[in-house]
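Okay, structure first, notes after.
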Protein chains: 2
Amino acid sequence: MKSPNQRARILDVARAAGVSTASVSRALSNPSQVSDETREAVLQAVEQTGYRANRAARNLRTQKTGAILALIPNLSNPFFSQVISGIEQVASQAGYSILVADTENQSTPKIHVADVFTDGIADGVIILDGFMEPESIESVRATGSENLVVYACEWAESVGLPSIRSDNAEGARLAARHLAECGHKRVGHICGPKDNILTPTRRDEFVKEARALGMEVRDEWILPGDFRLASGAAAAETILAMDQRPTGIFSASDMMALGFMKGLLAAGIKIPEEIALIGFDDVAIAAYMHPSLTTIRQNRVEIGRIAAKALLERIQNPNKDWEHFQHIVPVELVGRESTGPLPQK
Amino acid sequence: MKSPNQRARILDVARAAGVSTASVSRALSNPSQVSDETREAVLQAVEQTGYRANRAARNLRTQKTGAILALIPNLSNPFFSQVISGIEQVASQAGYSILVADTENQSTPKIHVADVFTDGIADGVIILDGFMEPESIESVRATGSENLVVYACEWAESVGLPSIRSDNAEGARLAARHLAECGHKRVGHICGPKDNILTPTRRDEFVKEARALGMEVRDEWILPGDFRLASGAAAAETILAMDQRPTGIFSASDMMALGFMKGLLAAGIKIPEEIALIGFDDVAIAAYMHPSLTTIRQNRVEIGRIAAKALLERIQNPNKDWEHFQHIVPVELVGRESTGPLPQK
DNA sequence: CTGAAAGCGCTTACAG
DNA sequence: CTGAAAGCGCTTACAG
């Protein structure tokens, strides 16, 4: 019996079981490779010594880390917490740990994705940040580790990495159709952040569909935003100052929709009677607003799960020729009070 | 020059620089230990070979991992994302990685805190979960690693581990005083989860202070909750069904306050005129509700930062006799529309 | 200031 | 089915 804080090594187990360290290793990682007798002796010795394999030693020997890294633009942004939760669900079940890093944290040394592999920090990377520097991504390809990196929620043009994301285009069309069905003739949009790849997708698809359905979309009704509450409130100011206002607004995020709602309600505008509002995401609070927020639901947990599954498959079979993989997760319109009841036909 | 995806080892650098691996190691980790000449040769060879030290090898040799683990009850709960952000800020600056694990995820194997150290998974642990099994915590002490574990936000009775958390008692008193100043005579409380250690603190301190200030607090006005939106909405139902209602409510979380607000507004109750409302946390949306939510602000990022700092200090000096450390982070009342203007004196 | 050598704790061909 | 031995890639006493 060893003293409590002197951890048992594999050699201690081998001695206690009267076998070699090789047999201990096999009994633990590949039980069918050893005789019943050996296996039982080892198991008992493990119990007795409290043995647990040392990760660093195993990692060094096997050239794996058993971890995957999630690169997140802003850890304090709750949007990502559900995606991480999905990643965690499948990764932890597969025995992988999850590392998180904040790519916008100034004090963090800039992360070069390829370095993650040369440093032996993680076996794979999930990128949730659409703004990663292109060179950083290119280096992944240069080092032949492109099968060990996937995008989730975001993607990047020209970098042929796998991407798991919502059906943003369909979400935008659903929003346009819903506003049309509610009888609106003039509609506007609050955009995502400039330079974000999601922004043109949601905007252009919404505008196109809205116009196809016969609704007017003036350029001045396309308002800038950055996904955050404050930019939604600012958009409300802009709209309130207009002589001719749209009667329906599609916001590229729920948070902006809520900021916008605050701005309108504070000015005494009635929702949905005077202006109807659709968000994007379906954050938890959306259902509990007054009026509750109609929105396009993104299944963020599912995106995290699928991304982790895709990554794990590639890690376990890195040499397979993975086709250019783009997984689009369906979205869903959730009708609530902010767009009001559909007109009776 | 090696082929691109054949990573350079320390021996490759040593050869390129014409020195021993020991000198390479020293030049990199402790530059003042080697001559200028050696240092420059090494640096140049590192540049040339693209060398980066392998983590697993270093970890095995130094018996450290360079990582800290955050144990989180529910990763999809946005409450924790800001705390993690604070942890990340200080940890990454100190060169540590952050591992996250969801303690409520059923598919995750139950985590025994002491195993984190014997497995060599992390050098320290920050527990954000008030419900960790006591045995799991006890084992930490049994293995002498109690200097490598801290609580953040939560704490546990009888386990003498360091804890960094908000001044919950003061927050509750601030809420009571604010309601008294606003002229309320009858007040109630929506509680946190049963069995959570925060729950009696916030409740009892609020009730005590409220009564001391001459306000009535009936037992039936103390409503159950679990920090979530739905339980706040349920509390609204309960209140609405009462003949005699309190005129002021202190909710143990913002989320419950928002669910409660929805219930009242939907029933046509005016806030703050008929019922005033105070939350706890100051989540981002609180300022953007209509009416905006008066609340007790918790500095969650700061809690994360302090917890990480305290943990890192202990990791770097584990044998020092750390006093029983309880760091209480101040809270602040943020007055908004849901409690209305203070009456003019 | 420097290098040769040991060793961290595993896993896995290899030989039997 | 089993064991002896090599080796993953570092760091650090030790000796000079």
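Note that the coordinates shown come from a computational prediction; the quantities given were computed from them, not determined experimentally. Below, read A as the first sequence line, B as the second, and so on, with proteins coming before strands; counting in each chain starts at 1.
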Reading DNA chain C 5' to 3', how would its secondary structure be written in dot-bracket notation, given Watson-Crick and G-U pairs with both distances under 3.5 Å, brackets [ ] for crossing pairs and | for partners on other strands? |||.||||||||.|||
Without placing hydrogens or testing angles, list every side-chain donor-acceptor pair under 3.5 Å for residues 72-79 of chain A, not counting sequence neighbours.
from: A/Asn74; atom 1: OD1; to: A/Ser76; atom 2: N; distance (Å): 3.0
from: A/Asn74; atom 1: OD1; to: A/Ser76; atom 2: OG; distance (Å): 2.9
from: A/Asn77; atom 1: OD1; to: A/Phe79; atom 2: N; distance (Å): 2.8

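- Within residues 37-44 of chain A, the residues approached by DNA chain D to less than 4.0 Å at the level of any non-hydrogen atom are A/Thr38, in residue-number order.
- For the pair B/Asp12 CG and D/dG9 P, the computed distance is 9 Å after rounding to whole Å.
- In A/Gln44, the CD atom is not crowded: 12 or fewer heavy atoms of neighbouring residues, nucleotides or ligands sit closer than 6.0 Å.
- When the P atom of C/dT12 is taken as reference, atom CG of A/Leu28 falls 13 Å away, rounded to whole Å.
- Separating the P atom of C/dA13 from that of C/dG9 is a span of 23 Å, rounded to the nearest Å.
- As rounded to whole Å, 14 Å separates atom P of D/dA5 from atom CG of A/Leu11.
- Rounded to a whole angstrom, the distance from the C1' atom of C/dG16 to that of C/dT12 is 16 Å.
- Only the P atoms considered, C/dT11 is 22 Å distant from C/dA15, to the nearest whole Å.
- Listed by first and then second residue, the salt bridge (Lys or Arg N to Asp or Glu O under 4.0 Å) pairs that reach into residues 27-48 of chain A are A/Asp36-A/Arg39, sequence neighbours excluded.
- In this structure, a donor-acceptor pair under 3.5 Å is present between the side chains of A/Asn196 and A/Glu154.
- For A/Ala53, counting side-chain heavy atoms from C-beta on, the closest listed nucleotide (D/dC10, C/dT12, C/dC10) is C/dC10.
- For A/Arg165, there are no salt bridge (Lys or Arg N to Asp or Glu O under 4.0 Å) partners at least two apart in sequence or on another chain.
- Side-chain polar atoms of A/Thr103 and A/Asp129 form a donor-acceptor pair below 3.5 angstrom.
- With sequence neighbours excluded, no residue forms a salt bridge (Lys or Arg N to Asp or Glu O under 4.0 Å) with B/Glu313.
- Listed by chain and residue number, nothing satisfies the salt bridge (Lys or Arg N to Asp or Glu O under 4.0 Å) test with A/Asp195 (two or more places apart in sequence, or in another chain).
- In this model, the phosphate group of D/dT2 is approached by a side-chain N or O of A/Ser35 to a distance below 4.0 Å at OP1 or OP2.
- Residue B/Ser25 places none of its side-chain N or O atoms closer than 4.0 Å to OP1 or OP2 of D/dC10.
- Atom pair B/Ile10:CD1 and D/dC8:P shows a separation of 14 Å (rounding to whole Å applied).
- Take B/Ser85 and apply the side-chain hydrogen bond (donor to acceptor under 3.5 Å, both in side chains) test, not counting sequence neighbours, and it matches no residue.
- If you measure from atom CD of A/Gln33 to atom P of D/dT2, you get 10 Å, rounded to the nearest angstrom.
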Atom pairs and distances, donor-acceptor, side-chain atoms in residues 13-28 of chain A, under 3.5 Å, two or more places apart:
from: A/Ser20; atom 1: OG; to: A/Ala22; atom 2: N; distance (Å): 3.4
from: A/Ser20; atom 1: OG; to: A/Ser23; atom 2: N; distance (Å): 3.2

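- The side-chain tip of A/Arg314 points at the ring of A/Phe325 from less than 6.0 angstrom away and within 45° of straight on.
- A heavy atom closer than 4.0 Å to some atom of DNA chain C occurs in B/Leu60, B/Arg61, B/Gln63, these being the qualifying members of residues 54-64 of chain B.
- When rounded to the nearest whole Å, the span between CZ of B/Arg9 and P of D/dG7 equals 12 Å.
- Across the protein-nucleic acid pair, B/Arg7 atom CZ and D/dC10 atom C1' stand 11 Å apart, rounded to whole Å.
- Under the rule for a salt bridge (Lys or Arg N to Asp or Glu O under 4.0 Å), the partners of B/Arg305 that lie at least two apart in sequence or sit in another chain are B/Glu302.
- A salt bridge between B/Asp123 and B/Lys64 is absent, with no side-chain N of the basic residue lying under 4.0 Å from a carboxylate O of the acidic one.
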Taking only N/O atoms, report every protein-nucleotides 14-16 of chain C pair under 3.5 Å with atom names and distance.
none

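- Checking each of B/Val113, B/Leu148, B/Val125, B/Val149 against B/Leu161 for a side-chain contact (heavy atoms from CB on, under 4.5 Å) leaves exactly one that passes, namely B/Val149.
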